[in-house]
Every structure is written in C-alpha cells, then in structure tokens.
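Values reported hereafter were calculated over all heavy atoms of this structure, with side chains retained and with hydrogens, waters and symmetry mates removed. Counting convention: from 1, in listed order, for ligands and their atoms alike.
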Amino acid sequence: MRKNNHPILPPKTIGIIGGGQLGRMMAIAARYMGYQIAVLDPTPNCPTAQVADKQIVAAYDDMDAVKELTELSDVVTYEFENVDLTAATYIEKEGKLPQGAYALEVTQNREKEKELMKSVGLPVPEFKIVQTESDIKEAFETIAFPAVIKTCRGGYDGKGQLKIDADSEIEQAVKFLNENKHCIIESWLSFDKEISVVFTRSLSGEITFFPIPENEHKDHILYKSTVPAQISDRVKEAAVVAAKRLADEMNVVGTFAIEMFVDGEDIYINEMAPRPHNSGHYTIEACTISQFAQHIRAICGLPLREINLSHYSVMVNILGEDLDGVHQAMSSQSNGFIHLYGKDAAKPKRKMGHVTFIGESLQQVEQQINEFQEAKQ
Ligand SMILES: Nc1ncnc2c1ncn2[C@@H]1O[C@H](COP(=O)(O)OP(=O)(O)OP(=O)(O)O)[C@@H](O)[C@H]1O
Ligand SMILES: [Mg+2]
C-alpha cells in the first residue's frame with residue numbers, strides 16, 4: 001500500500017466541523033491514536049467538545065471561526081454534508097481539507113447528486129426538479145403515484161420530505177414547495193430492502209469496503225442495521241461497483257456512505273453521505289477497524305487497514321423516548337455495547353445513542369435484542 005509522503009502524525013491536531021455524535025466518534029478514534037482534536041460548533045459542550053481538546057463556539061459559516069480552526073489544525077474534516085461551501089473552499093485552498101469541497105457541493109444538493117448519479121449511468125428513482133406550481137403539475141404528468149417531494153437542501157432523518165399518494169394531495173405538494181422553494185419529486189419505490197455501502201477511500205484512491213448493512217427505518221429515521229445484509233452476491237457486487245464508480249468520479253477521500261434500494265436483483269441509488277454513517281456504527285465492535293478510525297487514517301494520509309467482519313451484528317438506535325428504558329436494561333444486561341452521545345435534551349425522535357449487539361449468528365443476535373427489549377420494560 002502506498003504511504004503518503006507527508007502523513008499527519010500524532011500528536012498533531014485534527015479539526016472537526018460539527019460537534020454531534022459522528023464528530024464525537026471520530027474524535028474518540030483519533031484520540032486512541034494520540035491526535036489532538038479541535039471542534040467548531042455553535043453549541044457549548046456539544047457531544048464532540050466533551051471529548052475534544054478545544055472547542056470554537058461559533059456558527060459553521062462564521063469565517064473568522066473557520067480561519068481560527070484552520071490555523072490551529074493540521075488537517076480539517078467534517079461530520080455533516082451541510083458545511084458552508086465558502087468555508088470548505090477556503091480550507092481546501094489552505095491545503096488542509098483532503099476531502100475537498102466538491103463532494104460537499106454534490107451531496108448537499110439533491111439535484112446535483114441525482115444528476116451526477118445519472119451521468120455515470122447508475123439507476124435512480126424517476127425524478128423531476130420543481131421550482132414552480134406548474135413544474136409540479138408537469139412532473140405528475142410523467143411520475144405516477146405514490147411519489148415523494150423532498151427539499152433539495154438540508155433534509156435529514158426524513159425531515160424535509162412529504163409523501164404524495166394521490167391527485168388529491170397535489171395541493172399539499174404545492175404548499176410544501178412554496179415553503180421550501182427548490183425541490184425534487186421522486187417516484188416512491190416499493191423496494192424489498194434498503195442497504196448502504198460504507199467505504200473509505202485514501203488520498204491515493206485506494207478503497208476499502210465495510211460489509212454491507214441492511215437498514216430498517218421507522219418514521220423515516222434509521223431504526224436498525226443488520227450485518228451482513230441478506231442480499232445475493234450479484235446485488236452485493238452491483239452495489240460495490242456502483243459505489244466505486246461514484247467514489248472515483250468525485251475523488252472521495254475518507255469514509256463515505258451510499259444509501260441504496262434493492263428490488264429483486266436490481267439496485268437504485270437513493271442518496272450519498274460524505275462522512276461516516278449511522279448504518280456503519282456496527283464497525284466499532286464487529287470489524288477489524290471502525291469506519292471512524294479508517295476515516296482518520298485516510299485524512300491523515302496513513303495506509304488503510306484491511307477490513308474483516310469478526311461477528312454478525314445488529315445496531316439499534318436509541319432515540320429520546322428510549323433512553324429511560326435503556327438505562328434500566330443496562331443494569332441487568334451484559335449483552336449490547338451501549339453508546340450514549342452526551343446530548344443534553346432527550347427529545348422524542350432525537351438520536352441519543354445506539355446499541356450494537358454481536359454474535360456468532362443472526363439468530364443469536366436477535367435473541368440478545370429480545371432479552372434487552374424485555375429488560376427495558
Ligand atoms: N423514492 C423513494 N422511494 C421509496 N422510499 C423512499 C424514497 N425516498 C426516500 N424513501 C424512504 O425515506 C427514507 C429517508 O429518505 P432520504 O434518505 O432521501 O432522506 P433523508 O432525510 O436524507 O434521510 P437520512 O438523513 O436519514 O438518510 C429512505 O431511507 C427511505 O426509507
Ligand atoms: Mg437517507
């Protein structure tokens with residue numbers, strides 16, 4: 001494997017834009033290796049700041065704060081895709097953003113994202129970009145129901161989208177567009193499964209793939225990821241080939257995830273995340289290296305480690321409403337690796353943590369989950 005000529009070595013400082021759970025888990029992985037961490041986030045004592053050496057408390061687009069972070073860091077990364085592009089371009093010009101601004105530009109805009117997927121010949125749900133009421137009427141002349149209207153920017157955890165099931169709901173789509181401006185309408189696929197391809201790409205273009213999780217959502221929020229996904233070798237191969245094509249096209253560096261729908265033997269690309277992904281949290285306990293540690297290696301120019309799955313694994317998210325039950329189950333259950341993110345308010349539907357169960361078979365893992373759920377009551 002190629003070694004970078006000038007790798008960034010501990011105890012150098014890694015700057016992270018965004019102080020949520022993904023930044024926190026990146027920071028923890030980096031601290032094991034001896035790096036120092038600086039984080040930029042507007043909320044004092046945010047989840048990442050709790051495990052960092054320094055926090056700059058400021059808005060993500062505050063250029064003075066971005067300059068300060070860049071100055072005190074040897075390399076900068078981010079934990080979400082909505083990084084201000086002026087800030088990202090500045091850091092890239094300073095030579096401290098190996099991931100570059102381009103992958104952000106694409107993934108923070110569903111229009112650019114879908115156009116790129118199409119341009120490299122990958123299947124996506126039928127879609128139309130809409131900016132006016134007449135665009136909506138026109139879109140529904142070709143896109144059949146059910147469909148979904150999504151904001152082109154800023155959506156997450158199913159926020160920023162509305163399912164449209166019939167002609168009678170078009171008015172709701174118009175209202176949604178008026179509130180959100182630039183939107184996309186997609187045909188709603190009745191797929192068999194959702195999967196995600198999580199991988200890490202090095203500065204020299206080498207890629208390591210994590211085993212593919214199968215993802216279940218509840219209320220549009222990721223609920224559970226099961227590994228390995230129960231999919232055919234053909235689907236697995238197609239998913240990895242598609243991911244590699246997109247990664248090479250965007251010259252991705254670091255850990256990256258691509259969400260896909262599986263229908264029979266066909267795959268459709270849903271969306272991309274230029275960062276570690278919720279469905280990849282299982283890698284902390286069930287792989288020879290986690291998605292976070294591999295990310296740190298990539299952005300610091302260290303050779304990537306080979307990835308092997310050591311156990312079957314299921315990760316379940318802990319939302320605000322689950323927290324009391326999880327605390328209760330912890331006092332009697334030894335199975336399940338608990339991760340709590342240190343967020344202050346346990347609001348309903350807010351991701352507060354996750355639990356990863358590992359075992360010698362998926363049946364054994366399901367058994368552990370059942371016992372854990374019972375102990376939550
Ligand atoms: N075209 C579609 N057909 C069928 N289901 C869809 C479609 N688009 C979205 N969904 C469902 O809604 C979920 C959330 O959609 P999407 O991934 O586009 O939004 P998001 O808000 O960015 O989600 P997240 O941040 O959780 O990944 C998908 O994982 C899928 O279950
Ligand atoms: Mg998604």
Side-chain angles (χ1 to χ4, degrees), residues 18 20-23 78-83 103-104 106-118 122-130 139-140 142-165 169 173 176 179-180 182-198 212-226 229 239 242-243 246 255-264 266-281 291 315-319 349-352 354:
Q21 65 266 25
L22 298 176
Y78 46 80
E79 63 139 26
F80 59 58
E81 48 276 37
N82 293 315
V83 175
L104 288 169
V106 173
T107 55
Q108 63 186 223
N109 182 333
R110 289 191 197 272
E111 177 175 6
K112 290 189 181 166
E113 188 175 54
K114 284 277 194 301
E115 291 299 348
L116 185 112
M117 292 165 180
K118 259 177 62 177
L122 294 173
V124 295
E126 190 185 353
F127 73 92
K128 282 257 166 17
I129 302 300
V130 290
F140 284 117
T142 51
I143 298 177
F145 299 108
V148 57
I149 181 165
K150 301 179 182 178
T151 57
C152 277
R153 287 173 176 276
Y156 71 100
D157 288 348
K159 294 185 176 74
Q161 56 180 273
L162 182 70
K163 196 163 168 242
I164 307 291
D165 288 309
E169 291 172 19
F176 185 90
E179 283 160 9
N180 294 292
H182 186 200
C183 287
I184 181 170
I185 292 178
E186 293 174 24
S187 96
W188 184 267
L189 299 184
S190 58
F191 48 77
D192 297 327
K193 284 172 193 290
E194 292 198 67
I195 59 169
S196 43
V197 180
V198 183
I212 296 177
E214 181 172 329
N215 303 320
E216 264 175 68
H217 292 76
K218 270 190 192 169
D219 303 327
H220 301 263
I221 302 173
L222 181 68
Y223 162 62
K224 189 177 175 187
S225 291
T226 301
L246 288 165
T255 294
F256 197 98
I258 304 182
E259 301 174 7
M260 303 181 191
F261 304 132
V262 182
D263 192 26
D266 297 326
I267 56 165
Y268 296 86
I269 317 294
N270 175 27
E271 61 165 359
M272 307 192 279
R275 49 163 172 82
H277 193 259
N278 195 167
S279 67
H281 293 353
Q291 61 167 348
M315 182 235 48
V316 183
N317 271 333
I318 300 170
L319 302 182
K349 306 286 172 233
R350 189 177 194 202
K351 288 177 184 167
M352 301 302 290
H354 71 267

Worksheet item: For the atom pair CG (L162) and NZ (K159), what is the distance rounded to the nearest 0.5 Å?
Response: 15.0 Å

Discussion item. What's the separation between atom CE in M352 and atom CD1 in I318, rounded to the nearest 0.5 Å?
Written reply: 9.5 Å

Considering heavy atoms of the protein only, find what lies nearest to [atom] and give residue, atom and distance to 0.1 Å.
{"atom": "atom 7 (C) of ligand 1", "answer": "F261 CZ, 3.6 Å"}
{"atom": "atom 11 (C) of ligand 1", "answer": "W188 CH2, 3.7 Å"}
{"atom": "atom 12 (O) of ligand 1", "answer": "H220 ND1, 3.5 Å"}
{"atom": "atom 31 (O) of ligand 1", "answer": "E194 OE2, 2.5 Å"}
{"atom": "atom 25 (O) of ligand 1", "answer": "D157 N, 3.0 Å"}
{"atom": "atom 20 (P) of ligand 1", "answer": "E271 OE2, 3.5 Å"}
{"atom": "atom 21 (O) of ligand 1", "answer": "G158 N, 2.7 Å"}

Practice prompt. Output the list of atoms in ligand 1 that are nearer than 4.0 Å to some heavy atom of E259, sorted by atom number.
Written response: 17 (O), 27 (O)

Worksheet item: Just distances here: any N/O of S187 and N/O of ligand 1 closer than 3.5 Å?
Response: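 Between S187 and ligand 1 (N or O atoms, distance only) the closest approach is under 3.5 Å.
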
Worksheet item: Do ligand 1 and E186 have nitrogen or oxygen atoms that lie under 3.5 Å from each other?
Response: yes

Under 3.5 Å, side-chain donor or acceptor atoms of residues 266-275 against the rest of the protein: list the pairs with distances, not counting sequence neighbours.
from	atom 1	to	atom 2	distance (Å)
N270	ND2	E259	OE1	3.2
E271	OE1	R110	NH1	3.0
R275	NE	E81	OE1	2.6
R275	NH2	E81	OE1	3.4
R275	NH2	E81	OE2	3.3

Worksheet entry | Residue selection (non-hydrogen contact nearest atom 8 (N) of ligand 1) among M272, K150, E126 | K150

Worksheet entry | From Q161, H217, E216 - option closest to atom 14 (C) of ligand 1 by heavy atom |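 Considering heavy atoms of Q161, H217, E216, the nearest to atom 14 (C) of ligand 1 sits in Q161.
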
Worksheet, complete the sentence: Taking every heavy atom of E169 against every heavy atom of K163, the minimum-distance pair comes out as OE1-O, 3.8 Å

Worksheet item: Can E186 and K114 be said to form a side chain to side chain contact (heavy atoms under 4.5 Å, CB included), step by step?
Response: CA-CA 10 Å; E186 293 174 24; K114 284 277 194 301; 3.1 Å; yes

Item to complete: For M117 and L246, run side chain to side chain contact (heavy atoms under 4.5 Å, CB included): C-alpha distance rounded to whole Å, both residues' side-chain angles, the deciding distance at 0.1 Å, then the answer.
Response: CA-CA 7 Å; M117 292 165 180; L246 288 165; 4.2 Å; yes

Practice prompt. Please check if the side chain of Q291 supplies one atom and the backbone of H277 the other of a donor-acceptor pair under 3.5 Å.
Written response: yes

Discussion item. Keeping D165 on the side-chain end and P146 on the backbone end, is there a donor-acceptor pair under 3.5 Å?
Written reply: no

Fill in: Residue part near ligand 1, for L222, under 4.0 Å between non-hydrogen atoms
neither

Worksheet item: For ligand 1, is any non-hydrogen atom under 4.0 Å from R110's backbone (N, CA, C, O), its side chain (CB onward), both, or neither?
Response: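 The answer is the side chain.
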
Discussion item. Tell me whether the count of non-hydrogen atoms from other residues, nucleotides or ligands lying under 6.0 Å of OH in Y156 goes above 12.
Written reply: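 No, not enclosed.
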
Which donor-acceptor pairs under 3.5 Å do the side chains of residues 217-225 make with protein atoms, sequence neighbours left out?
from	atom 1	to	atom 2	distance (Å)
H217	ND1	E194	OE2	2.9
D219	OD2	K349	NZ	3.4
K224	NZ	E366	OE2	3.4
S225	OG	N215	OD1	2.7

Is [X] close enough to touch ligand 1? Criterion: a residue heavy atom under 4.0 Å from a ligand atom.
{"X": "F191", "result": "yes"}
{"X": "A273", "result": "no"}
{"X": "L189", "result": "yes"}

Discussion item. I'd like to know whether M315 forms a side chain to side chain contact (heavy atoms under 4.5 Å, CB included) with N278, so could you lay out the CA-CA distance, the side-chain angles of the two residues, the decisive distance to 0.1 Å, and finally the verdict.
Written reply: CA-CA 9 Å; M315 182 235 48; N278 195 167; 3.5 Å; yes

Worksheet item: Would E214 and V262 count as a side chain to side chain contact (heavy atoms under 4.5 Å, CB included) if you check the C-alpha gap in whole Å, the side-chain angles of each, and the deciding distance to 0.1 Å?
Response: CA-CA 10 Å; E214 181 172 329; V262 182; over 6 Å; no

Worksheet item: Which atom, among the N/O/S set of E271, is closest to the Mg ion (ligand 2)?
Response: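 The closest N, O or S atom of E271 to the Mg ion (ligand 2) is OE2.
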
Item to complete: Identify, by name, the N, O or S atom of E259 lying closest to the Mg ion (ligand 2).
Response: OE1

